[in-house]
Amino acid sequence: MNTIHALEKRLRDAFCNMGLLRNEPMCNHTTLRVGGPADLLIAPHCPEQAAETIRACRALDVPLLVLGNGSNLLVRDGGIRGTVLHIGADMARYGIKDHFLIAQAGLSLPAAARVAQQHGLDGLVFAEGIPGSIGGGACMNAGAYGGEIAQVVQSVDIVDEAGEARTLMAAELDYGYRHSALLDRGWVVTQVVCALTPGDPAEMAGRMRGLAEQRRAKQPLRQPSAGSTFKRPPGHFAAQLIDEAGLKGESVGGAQVSTLHAGFIVNTGNATASDLLALIERVQERVLARSGVLLEPEVRIVGEQ
């Protein structure tokens, strides 16, 4: 029995309700809508199932990739060898206690923002349009319009590389721009506790509508993308550098630098991961030649060629 079969059997024997999909196309699970198949995709319903998956993968020496909403991920056309642990809609429960939002990691950031607003709690308005999960956001310190997750996280529950559950306080997470210690260690977030402040629901709703209008006017929301393709380089704006290099509308196959916002590379409908990677490389080369700035991808690139 190969290791993937052995892993699947172990998990089915342990949990009858765990979602297990063989040879699952990753284009179904990323906002870019590209990516070859994963050998096995696992969707746990609770932290215990996530922990057992990690322990089983370690015991059987099966590679493991953790996936949230797939909004900051580019999976190559060859797919994923090993297992994808998908912390998604099956782990999206939440609760409110005093001024704290306690959310499982699969809750989307827009849903978290709306829940907080409806309960008169401020601090997550900026997240209204970020197409990721709160667990993924806590890992990469997601942010927009002057706000970021690090400003509100009080603690996170994680499963470490040995499959042991732990709680970490915000001070232990070493937050920086699009970075945290969680990324460095590869720990799996299962729950996030956000400390929020009292606010007026109507006023917050107005701010959220305003941000949504800005996004619709400035970002290519109707086309598949991974959000901002490149990190903001010190002292510059990636979109401005790309625009100044004459790259708006530049395309490779079905991949295109958005004509609306040069910081986004979009899938016009039939892009492959190879198209997107070639365009990313072209943008990097042209911007470097013109401005001397090497753009660093913000999107995470994984998988086989």
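In what follows, residues are counted from 1 in the order of the sequence shown.
Annotation: the span from Ile265 atom CD1 to Glu250 atom CD amounts to 10.0 Å, rounded to 0.5 Å. Atom OG1 of residue Thr83 and atom CG of residue Asp39 lie 7.5 Å apart, to the nearest 0.5 angstrom. Atom CZ in Arg114 sits 9.0 Å away from atom CG in Leu107 (nearest 0.5 Å). Taken from CG in Leu67 to NE2 in His29, the straight-line distance is 7.5 Å, to the nearest 0.5 Å. One finds the CD atom of Glu164 at 6.5 Å from the CZ atom of Arg55 (value rounded to the nearest 0.5 Å). In this structure, CD in Glu52 is found 4.5 Å from CZ in Arg10, a value given to the nearest 0.5 Å.
Here the side chain of Asn72 pairs no donor or acceptor atom with the backbone of Gly132 at under 3.5 angstrom. Judged by distance alone, with hydrogens and angles left aside, the side-chain atoms of Arg76 form a donor-acceptor pair with the main-chain N or O of Gly303 at under 3.5 Å. Between the Arg33 side chain and the Asn270 main chain, no donor and acceptor come within less than 3.5 Å of each other. Panel note: side chain Asn141, backbone Ala150; a donor-acceptor pair is recorded below 3.5 Å. With hydrogens and angles ignored, the 3.5 Å screen pairs a side-chain donor or acceptor of Asp275 with a backbone N or O of Thr272. Distance alone, capped at 3.5 Å, is enough to place a donor-acceptor pair between the Ser180 side chain and the Cys139 backbone. When atom types are taken as modelled, the side chain of Ser225 and the backbone of Phe264 share no donor-acceptor pair closer than 3.5 angstrom. Using a distance-only test at 3.5 Å, with no hydrogens or angles considered, a donor-acceptor pair links the side chain of Glu172 to the main chain of Met169. Under the 3.5 Å distance criterion, the side-chain polar atoms of Thr30 are left unmatched by any main-chain donor or acceptor of Gly70. Side-chain atoms of Ser228 do not come within 3.5 Å of backbone N or O of Phe230 as any donor-acceptor pair.
Val156 is not listed as a side-chain neighbour of Thr167, based on a closest heavy-atom distance of 4.5 Å or more. Using a 4.5 Å cut-off on side-chain heavy atoms (C-beta onward), Arg22 and Pro37 make no contact. Taking the side chain as every heavy atom from C-beta outward, Gln49 and Asp90 never approach each other to under 4.5 Å. Using a 4.5 Å heavy-atom cutoff, the side chains of Ile4 and Arg81 are not in contact. Side-chain contact between Arg300 and Leu65 is present, with heavy atoms from C-beta onward closer than 4.5 Å. Counting heavy atoms from C-beta on, the side chains of His179 and Asp174 come closer than 4.5 Å. Proximity of Met91 to His45: side-chain heavy atoms (C-beta onward) are nowhere separated by under 4.5 Å. With contacts defined as side-chain heavy-atom distances shorter than 4.5 Å, the pair Pro297/Gln284 qualifies.
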Practice problem: Show your working on side-chain contact (heavy atoms from CB on, under 4.5 Å) between Thr190 and Ile87 and close with a plain yes or no. | Solution: CA-CA 8 Å; Thr190 58; Ile87 309 294; 5.6 Å; no
Quiz item: Could you walk me through whether Met18 and Ile42 pass the side-chain contact (heavy atoms from CB on, under 4.5 Å) check?
Solution: CA-CA 7 Å; Met18 180 182 279; Ile42 299 170; 3.4 Å; yes
Quiz item: Given the rule in the side-chain contact (heavy atoms from CB on, under 4.5 Å) test, do Tyr145 and Arg215 qualify, once you have shown the distances and angles that lead to the verdict?
Solution: CA-CA 10 Å; Tyr145 297 106; Arg215 287 182 185 276; 3.5 Å; yes
Practice problem: Evaluate the criterion side-chain contact (heavy atoms from CB on, under 4.5 Å) for residue pair Asn69 and Ser108; output intermediate values, then yes/no. | Solution: CA-CA 8 Å; Asn69 198 48; Ser108 76; 5.8 Å; no
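Scanning both residues, Tyr177 and Glu298, for their nearest heavy atoms gives OH-OE1, 3.8 Å. Of all the heavy atoms in Ala116 and Leu124, the pair that sits closest is CB-CD1, 4.4 Å. For the residue pair Cys57 and Leu7, the shortest heavy atom distance occurs at SG-CD2, 3.8 Å. Across Ala144 and Phe126, no two heavy atoms sit closer than the pair O-CB, 3.3 Å. Counting all heavy atoms, side chain and backbone alike, Val153 lies closest to Ala170 at O-CB, 3.2 Å. Between Val266 and Gln223, the shortest heavy-atom contact is CG2-OE1, 3.7 Å.
Using a 4.5 Å cut-off between side-chain heavy atoms of Ile, Leu, Val, Met, Phe, Trp and Tyr, with links allowed through other members, Leu11 and Val159 fall into the same hydrophobic cluster. With hydrophobic clusters built from ILVMFWY side chains whose heavy atoms lie under 4.5 angstrom apart, Leu247 shares a cluster with Leu277. At a threshold of 4.5 Å between side-chain heavy atoms, the hydrophobic network of Ile, Leu, Val, Met, Phe, Trp and Tyr places Leu40 and Met26 in two separate groups. A continuous path of Ile, Leu, Val, Met, Phe, Trp and Tyr side chains, each step under 4.5 Å between heavy atoms, connects Ile130 with Val115, placing both in one hydrophobic cluster. Clustering ILVMFWY residues whenever any of their side-chain heavy atoms sit less than 4.5 angstrom apart, transitively, puts Leu73 in a cluster other than the one holding Val34.
The residues Arg282 and Glu285 are annotated as not salt-bridged, no charged nitrogen and carboxylate oxygen being separated by less than 4.0 angstrom. A salt bridge does not link Arg58 to Glu161: none of the charged side-chain nitrogens sits closer than 4.0 Å to a carboxylate oxygen.
Surrounding OH of Tyr94 are at most 12 heavy atoms belonging to other residues, nucleotides or ligands under 6.0 Å away. Open room surrounds CG on Asp61; 12 or fewer heavy atoms of other groups in view lie less than 6.0 Å from it. Taking a 6.0 Å sphere around CZ of Arg93, one finds it holds more than 12 heavy atoms contributed by other residues, nucleotides or ligands.
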All N/O donor-acceptor pairs, side-chain side in residues 194-206, below 3.5 Å, sequence neighbours left out:
unit_1, atom_1, unit_2, atom_2, d
Asp200, OD2, Ala202, N, 3.4
Asp200, OD2, Glu203, N, 2.8
Glu203, OE1, Arg207, NE, 3.3
Glu203, OE1, Arg207, NH2, 3.1
Glu203, OE2, Arg207, NE, 2.8

When the side chains of residues 254-263 are checked against the rest of the protein, which donor-acceptor pairs come out under 3.5 Å, sequence neighbours left out?
unit_1, atom_1, unit_2, atom_2, d
Ser258, OG, Leu260, N, 3.0
Ser258, OG, His261, N, 3.2
His261, ND1, Gly263, N, 2.9

Show which side-chain atoms of residues 231-240 pair as donor or acceptor with protein atoms under 3.5 Å away, not counting sequence neighbours.
unit_1, atom_1, unit_2, atom_2, d
Lys231, NZ, Glu296, OE2, 3.2
Gln240, NE2, Glu244, OE2, 3.0

